[in-house]
Amino acid sequence: MPTIAISGLTAGLIVADPHAMPYFRSHRGNLDDINDIFATSVTTAAVIGVPASLMAAGYARHDEYQVSTAILAGEAYADSAVVNLLIKAITRRQRPIDVAPTGTFHNTFFAGGKSPFKGSSFPSGHAMGAFSVATVIAKRYRNHKWVPWLAYGFATTVSLSRISTLSHFPSDIFLGGALGYAITNYTVLQPRRD
């Protein structure tokens, strides 16, 4: 049932994408300061920096649970990256920023020549990575009520920033977040019961 719901919502967002993106294109100048804060390199460093910081702090404090959490977060990030690149190689979706200023946001899938490493948009690798890391942290530290809110809030902020920079469509973000959560929940955390 969750697969059907995720597929249906993604399909609905793909239909809505061409209608939503002109707003973000026309208001992009209003978001320059925010977009500078959430530039691609900054958000990538932040998502990778969370597990790295947990690892360093865990070793410094001799906290095996924290070190284990950092390793699981790294594994979740890597697992989601593999799936992300496979889907991008198949879909080769054009990024919103690559659509000509007078062009429409229709027919953006299967744009020939798009590299899954640089040019393909669907799904969002930032959303997948952010939600993968957030899911590990939220599940492992669920006894602290604020941790899941902070982890998923961070992942949501990173993910949504990708729309305002015209790097992704809303459907890219939604599917990326859902896949990041699912991959982590069922391949990284499922075998462990701690």
Side-chain angles (χ1 to χ4, degrees), residues 1-28 31 35 38 40 43-44 47 73 75-99 103-139 148-149 151-190:
M1 191 57 131
T3 303
I4 293 169
I6 298 296
S7 299
L9 282 168
T10 301
L13 286 170
I14 289 170
V15 170
D17 284 342
H19 306 287
M21 291 314 295
Y23 173 84
F24 291 102
R25 178 190 282 164
S26 66
H27 289 83
R28 187 166 185 227
L31 301 169
N35 290 343
F38 292 105
T40 299
T43 53
T44 300
V47 171
E75 179 184 342
Y77 187 88
D79 289 352
S80 70
V82 170
V83 173
N84 182 267
L85 289 173
L86 287 172
I87 296 171
K88 284 180 182 241
I90 294 166
T91 61
R92 298 183 333 267
R93 189 176 197 185
Q94 189 176 21
R95 292 186 182 275
I97 199 157
D98 294 333
V99 174
T104 69
F105 293 100
H106 294 278
N107 302 319
T108 56
F109 282 95
F110 310 109
K114 290 291 176 189
S115 164
F117 297 105
K118 188 92 172 124
S120 187
S121 173
F122 185 82
S124 168
H126 277 78
M128 282 181 84
F131 273 92
S132 293
V133 170
T135 300
V136 169
I137 293 167
K139 298 282 181 166
W149 287 95
Y152 288 124
F154 171 74
T156 301
T157 301
V158 167
S159 298
L160 291 177
S161 75
R162 308 297 292 155
I163 297 171
S164 66
T165 60
L166 298 182
S167 297
H168 288 287
F169 292 93
S171 60
D172 303 343
I173 300 301
F174 176 75
L175 185 62
L179 287 173
Y181 174 85
I183 289 165
T184 301
N185 227 11
Y186 297 109
T187 64
V188 177
L189 296 177
Q190 190 70 2

Q) So, does Asn84 use its side chain to make a donor-acceptor pair with the main chain of Pro123 at under 3.5 Å? A) yes
Q) Rounded to the nearest 0.5 Å, what separation is found between the CG atom of Leu166 and the CG atom of Asp98? A) 10.0 Å
Q. Does the His168 side chain pair with the main chain of Ser121, one donor and one acceptor, at a distance under 3.5 Å?
A. yes
(Q) In the structure I gave you, are the side-chain heavy atoms of Val99 and Arg25 within less than 4.5 Å of one another anywhere? (A) yes
Q. Which residue pairs pass the salt bridge (Lys or Arg N to Asp or Glu O under 4.0 Å) test when at least one of the two sits in residues 122-132, sequence neighbours left out?
A. none
**Q.** Side chain to side chain, Phe131 and Thr156, heavy atoms closer than 4.5 Å
**A.** yes
Q. Residues in side-chain contact (heavy atoms from CB on, under 4.5 Å) with Thr104, at least two apart?
A. His106
(Q) For Ser80 versus Ile183, what's the shortest heavy-atom pair and its separation? (A) CA-CD1, 4.1 Å
Q | With Ala138 via side-chain contact (heavy atoms from CB on, under 4.5 Å) - residues at least two apart | A | Pro148, Ala151, Tyr152
Q) Tell me the salt bridge (Lys or Arg N to Asp or Glu O under 4.0 Å) pairs involving residues 175-190, sequence neighbours left out? A) none
**Q.** Min side-chain heavy-atom separation Leu175-Met128 under 4.5 Å
**A.** no
Q.
Please enumerate all residues that pass salt bridge (charged side-chain N to carboxylate O under 4.0 Å, His left out) together with Asp17, with sequence neighbours excluded.
A. Arg93
(Q) Would the distance check show the side chain of Arg95 and the main-chain N or O of Ser167 forming a donor-acceptor pair, the cut-off being under 3.5 Å? (A) yes
Q) How far does OG of Ser124 sit from CD1 of Ile173, to the nearest 0.5 angstrom? A) 3.5 Å
Q) Looking only at atom types and distance, does a side-chain atom of Ser171 sit under 3.5 Å from a main-chain N or O of Leu13, one as donor and one as acceptor? A) no
Q) Would you call Ile163 and Pro170 a side-chain contact if the rule is heavy atoms closer than 4.5 Å? A) yes
Q. Does any non-hydrogen side-chain atom of Thr10 lie less than 4.5 Å from one of Phe174?
A. yes
Q | Phe122: ring pair (Phe, Tyr, Trp, His ring centres under 6.0 Å) partners, not counting sequence neighbours | A | Phe109
Q.
Give me each pair satisfying salt bridge (Lys or Arg N to Asp or Glu O under 4.0 Å) with a member in residues 151-160, each pair once, sequence neighbours excluded.
A. none
**Q.** Nearest-0.5 Å distance that lies between atom CG in Asp172 and atom OG1 in Thr108
**A.** 7.5 Å
Q) So do Phe169 and Pro96 actually touch side chain to side chain, heavy atoms under 4.5 Å? A) yes
Q | Partner residues of Pro22 under the side-chain contact (heavy atoms from CB on, under 4.5 Å) criterion, sequence neighbours left out | A | Phe105
**Q.** Atom pair CG/CD1 of Leu179 and Ile87 - distance to nearest 0.5 Å
**A.** 5.0 Å
Q. In chain order, what residues pass the side-chain contact (heavy atoms from CB on, under 4.5 Å) check against Ala76, with sequence neighbours excluded?
A. Ser132, Val136, Thr184, Val188
